[in-house]
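Okay, structure first, notes after.
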Amino acid sequence: MLKLRKRFIAPKISYIPASNAPLSADVGIIEGEEFFYLFDVGADEVVAEFLNVLPKPKKLILSHFHPDHIGNIGRIVFAECYVGANTKNYLKNYLCFSETEPKETEELLQEQGVRIVDMPVTISDGVEINIFPLPSSHAKGSLAVTADGAYTFLGDATYCTGKKGKAVYNAQLLKEQIDLLKTLSSDYVLLSHAEPYMKERKQVIRQLEDIYGSRKKGEPYIEAE
């Protein structure tokens, strides 16, 4: 197995960097007393092997449904998995439930420990973890997670989406996202596929405010530069 190394942000908080070949998102790793909490699981099989040998049971938090963030879920042994309602609809493609009826799929996902997050969830396990829905132009039903009030994992939530061949932000969702980010206590946010991975929260808010400030009156979408 190719040797991977975690990059530490704080003593109990680390991550595995994203890759392009294969396309695989950053994986956040929060070490609690009883569990490891993984924010996204990537899509590279080597990453899945690394995560499976972490020396504690795993609980997963999936930021959104894109394959580079959730592709490994069928390869990882986990105790629970927290997802947004929209992401739930894609899990059957990775957990081999695609031929079951919708009701049966729902029951099977529950049996596998899949939990739908539609309001904030707080977990105390030697580290304080807050999981919450985050409005996002990039992907419907995105989740974010804050560890010990200091670091917030955002995945791809601050990025734009494509519409009619253009890169755009949904103006309403962008405003809601900015307002929510302003309520956080964390000094830093972690953005997948970004260099550097960790950025100051206030800096990211300023960048999003600049984008929102470029909107044209009456237009529901803002073109990304």
Side-chain angles (χ1 to χ4, degrees), residues 3-32 35-44 46-47 50-51 54 58-64 66 68-70 72 82 84 117 120-139 142-160 169 174 176-212 224-225:
K3 186 173 179 61
L4 293 178
R5 295 186 65 182
K6 296 184 292 183
R7 297 184 183 180
F8 278 87
I9 298 166
K12 294 182 179 180
I13 302 173
S14 58
Y15 71 102
I16 299 173
S19 65
N20 291 321
L23 182 61
S24 184
D26 295 86
V27 177
I29 303 173
I30 305 169
E31 183 176 359
F35 294 95
F36 277 101
Y37 300 85
L38 309 180
F39 184 75
D40 288 331
V41 292
D44 187 343
V46 174
V47 173
F50 180 91
L51 296 174
L54 291 173
K58 269 72 70 179
K59 292 191 176 185
L60 314 182
I61 306 157
L62 302 183
S63 66
H64 65 292
H66 290 163
D68 56 318
H69 293 256
I70 71 170
N72 274 335
Y82 297 89
V117 177
V121 174
T122 298
I123 300 170
S124 295
D125 184 15
V127 59
E128 192 81 2
I129 296 170
N130 294 290
I131 308 167
F132 55 93
L134 181 64
S136 171
S137 297
H138 186 74
S142 291
L143 296 182
V145 60
T146 296
D148 270 348
Y151 305 94
T152 299
F153 294 86
L154 297 179
D156 292 356
T158 62
Y159 303 152
C160 58
Y169 288 86
L174 179 57
E176 292 174 1
Q177 181 180 95
I178 291 168
D179 290 344
L180 192 152
L181 291 176
K182 287 181 175 179
T183 69
L184 301 179
S185 62
S186 56
D187 290 329
Y188 299 99
V189 296
L190 303 119
L191 305 176
S192 197
H193 306 292
E195 284 292 341
Y197 180 50
M198 184 169 66
K199 299 179 183 293
E200 291 185 0
R201 177 177 60 92
K202 291 181 179 179
Q203 175 192 1
V204 171
I205 290 172
R206 285 196 297 269
Q207 292 171 344
L208 295 175
E209 287 180 325
D210 287 343
I211 295 169
Y212 185 73
E225 295 182 359

CA sep, side-chain torsions, deciding dist, call: S137, C160, side-chain contact (heavy atoms from CB on, under 4.5 Å) | CA-CA 6 Å; S137 297; C160 58; 5.6 Å; no

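- V127 has its side chain out of reach of I123: every pair of non-hydrogen atoms, C-beta onward, lies at least 4.5 Å apart.
- Remark: side-chain polar atoms of R7 are not paired, donor with acceptor, to backbone N or O of P17 under 3.5 angstrom.
- Considering only heavy atoms from C-beta on, I61 stays 4.5 Å or farther from F153 through its side chain.
- Shown here is N20, whose CG atom has no more than 12 heavy atoms of other residues, nucleotides or ligands within 6.0 Å.
- Q177 contributes a side-chain N or O that, together with a main-chain N or O of P135, makes up a donor-acceptor pair within less than 3.5 Å.
- Using modelled atom types, no side-chain atom of T146 and backbone atom of G149 make a donor-acceptor pair closer than 3.5 Å.
- Counting heavy atoms from C-beta outward, L51 and K58 have side chains that stay 4.5 Å or more apart.
- In this structure, the side chains of I129 and F35 stay at 4.5 Å or more apart for every pair of heavy atoms.
- Here CG of D26 is found 5.0 Å from OH of Y197. Values are rounded to the nearest 0.5 Å.
- Residue L181 holds its CG atom at 5.0 Å from CD1 of I205, rounded to the nearest 0.5 Å.
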Using the side-chain contact (heavy atoms from CB on, under 4.5 Å) rule, take F132 and L180 through it: C-alpha gap first, then chi angles, then the decisive distance, then the call.
-> CA-CA 10 Å; F132 55 93; L180 192 152; 3.5 Å; yes

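- The shortest heavy-atom contact between S136 and A157 is OG-O, 2.9 Å.
- Heavy-atom contacts from other residues, nucleotides or ligands closer than 6.0 Å to OH of Y159 number more than 12.
- Among all heavy-atom pairs drawn from P133 and V117, the shortest one is CG-O, 4.1 Å.
- H69 and H193 have perpendicular rings, their planes meeting at more than 60° on a 0 to 90° scale where under 30° would count as parallel.
- Atom-to-atom distance recorded for L54:CG and F36:CZ is 5.0 Å, nearest 0.5 angstrom.
- Side chain of S192 to main chain of G155: no donor-acceptor pair is present (N/O by atom type, distance under 3.5 Å, no hydrogens or angles).
- Contact check for T158 versus V189: no side-chain heavy atoms found under the 4.5 Å cut-off.
- Among L154, I9, I13, the single residue meeting the side chain to side chain contact (heavy atoms under 4.5 Å, CB included) criterion with L190 is I9.
- D40 places a side-chain N or O within 3.5 Å of a backbone atom of S63 that can act as its donor or acceptor partner.
- Applying side-chain hydrogen bond (donor to acceptor under 3.5 Å, both in side chains) to N130 and the options D148, T122, T152 leaves one that passes, T122.
- For T183 against D179, the heavy-atom pair with the smallest separation is CG2-O, 3.3 Å.
- The CD1 atom of I178 lies 8.0 Å from the CD1 atom of I211; values are rounded to the nearest 0.5 Å.
- For the pair K6 (side chain) and I29 (backbone), a donor-acceptor distance under 3.5 Å is absent.
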side-chain contact (heavy atoms from CB on, under 4.5 Å) between L62 and V41: does it pass, once the steps are laid out?
-> CA-CA 7 Å; L62 302 183; V41 292; 4.2 Å; yes

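- Between F50 and V27 there is no side-chain heavy-atom pair separated by less than 4.5 Å.
- Judged by distance alone, the side chain of D187 and the main-chain N or O of R201 form no donor-acceptor pair under 3.5 Å.
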Which is it for I30 and F39 under the side-chain contact (heavy atoms from CB on, under 4.5 Å) test, yes or no, and what are the steps along the way?
-> CA-CA 8 Å; I30 305 169; F39 184 75; 5.8 Å; no

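- Looking at heavy atoms from C-beta onward, S186 lies out of side-chain contact with Y151 at the 4.5 angstrom threshold.
- Using cut-offs of 30° and 60° on the angle between ring planes, the pair H66 and H138 is perpendicular.
- From Q203, atom CD reaches atom CD of Q207 across 5.0 Å, with rounding to the nearest 0.5 Å.
- Side-chain contact between L208 and L174 is present, with at least one heavy-atom pair separated by less than 4.5 Å.
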